[in-house]
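Working notes, structure below.
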Amino acid sequence: MPNRSLTSITRWRRVSLPLVFAGLFCCCENRSEDSPGEPLPQSDVRDRLLLASAKVALPPPGVSQTDLPDPESAGAELVQQFCRTCHDLPTPLIHSATDWPRVVRRMWLRMDGLVGEHEVSIPASAERVVILRYLIDNALKVSGAALPPGPNRAFFAASCGRCHDLPDPRQYDYEAWVAVIQRMVERLESMLGETLTQSENAMVLEYLETILEEPR
């Protein structure tokens with residue numbers, strides 16, 4: 001059985017380190033906009049590093065509050081209020097319930113670091129509890145070791161497991177999966193500069209279609 005901690009570290013290095021370096025690159029590129037030869041204040045450097053490193057791992061566009069689960073709930077309204085301060089609206093389905101606490105902690109640390117001149121709205125402690133509970137309750141459902149057998153199962157697991165826990169194939173119908181896979185392909189390209197070919201995309205959808213046609 002693989003060591004889960006080592007697996008998590010390896011995944012973190014594979015996904016996060018390129019994002020950090022990309023953030024540093026973006027920051028250096030933007031420096032040319034300032035007066036040449038003038039060193040930036042240390043606080044300005046920190047802010048630019050923070051914003052640049054965050055920018056390369058943002059949620060994909062196209063999600064509105066009406067697309068969120070239970071959109072009229074307090075959790076959905078708080079996600080809309082605070083998360084859109086810095087980036088596009090995230091859907092709870094982009095992370096599993098075990099991943100969301102780590103993700104939101106990272107976001108809150110970033111937000112707390114932007115207090116002041118950036119005028120970022122910061123959720124209170126009670127609001128953070130509501131946000132986290134909403135995200136966990138509506139998170140991506142994962143299959144774990146129970147991923148159903150089917151054609152291209154190994155490819156599905158390898159493709160989807162690159163960035164997050166394996167999703168439960170039965171959490172969507174086939175039409176919804178087509179849209180979800182397209183969104184994930186766009187996210188893969190924006191974050192890692194990689195994509196799925198048409199044949200690879202068809203392999204993933206063939207697996208999902210087969211699973212959804214089988215009785216539970």
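Residue indices begin at 1 and follow the sequence shown.
For Ser125, the side-chain contact (heavy atoms from CB on, under 4.5 Å) test picks out no residue, with sequence neighbours left out. Judged as a side-chain contact (heavy atoms from CB on, under 4.5 Å), and not counting sequence neighbours, Val129 has no contacts. Remark: Ala202 pairs with no residue by the side-chain contact (heavy atoms from CB on, under 4.5 Å) rule, at least two apart or across chains. In this structure, the side chain to side chain donor-acceptor pair (under 3.5 Å) partners of Asn152, at least two apart in sequence or on a different chain, are Glu206. Applying the side-chain contact (heavy atoms from CB on, under 4.5 Å) criterion to Ser64, with sequence neighbours excluded, gives Thr66, Asp67. Under the ring pair (Phe, Tyr, Trp, His ring centres under 6.0 Å) criterion, Tyr172 pairs with Trp177, sequence neighbours left out. Shown here are the side chain to side chain donor-acceptor pair (under 3.5 Å) partners of Glu127, two or more places apart in sequence or in another chain: there are none. Contacts of Asp112 classified as side chain to side chain donor-acceptor pair (under 3.5 Å), with partners at least two apart in sequence or in another chain: Arg128.
Of the possible donor and acceptor atoms, none in the side chain of Tyr174 sits under 3.5 Å from a partner among the backbone N and O of Leu205. Checked by atom type and distance alone, the side chain of Glu200 pairs as donor or acceptor with a backbone atom of Thr197 at under 3.5 Å.
Counting all heavy atoms, side chain and backbone alike, Ile211 lies closest to Pro149 at CD1-O, 3.2 Å. Contact detail for Pro92 and Asn138: the closest heavy-atom pair is CB-O, 3.3 Å. When every heavy atom of Met111 is checked against every heavy atom of Ser121, the shortest pair comes out as CE-O, 3.1 Å. Residues Leu196 and Ser159 come closest through the heavy atom pair CD2-OG, 4.3 Å. Listed here is the closest heavy atom pair of Ile131 and Pro123: CD1-CB, 4.3 Å.
Here the straight-line distance linking atom CH2 of Trp100 with atom CE of Met107 works out to 9.0 Å at 0.5 Å rounding. Separating the SG atom in Cys160 from the CG atom in Leu208 is a distance of 7.0 Å, to the nearest 0.5 Å. From Leu147, atom CG reaches atom CZ of Phe156 across 6.0 Å, with rounding to the nearest 0.5 Å.
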Donor-acceptor contacts, no H, no angles, side chain residues 72-85, under 3.5 Å, sequence neighbours left out:
residue : atom : partner : partner atom : Å
Ser73   : OG   : Asp70   : O            : 2.8
Ser73   : OG   : Ala76   : N            : 3.3
Thr85   : OG1  : Phe82   : O            : 3.0

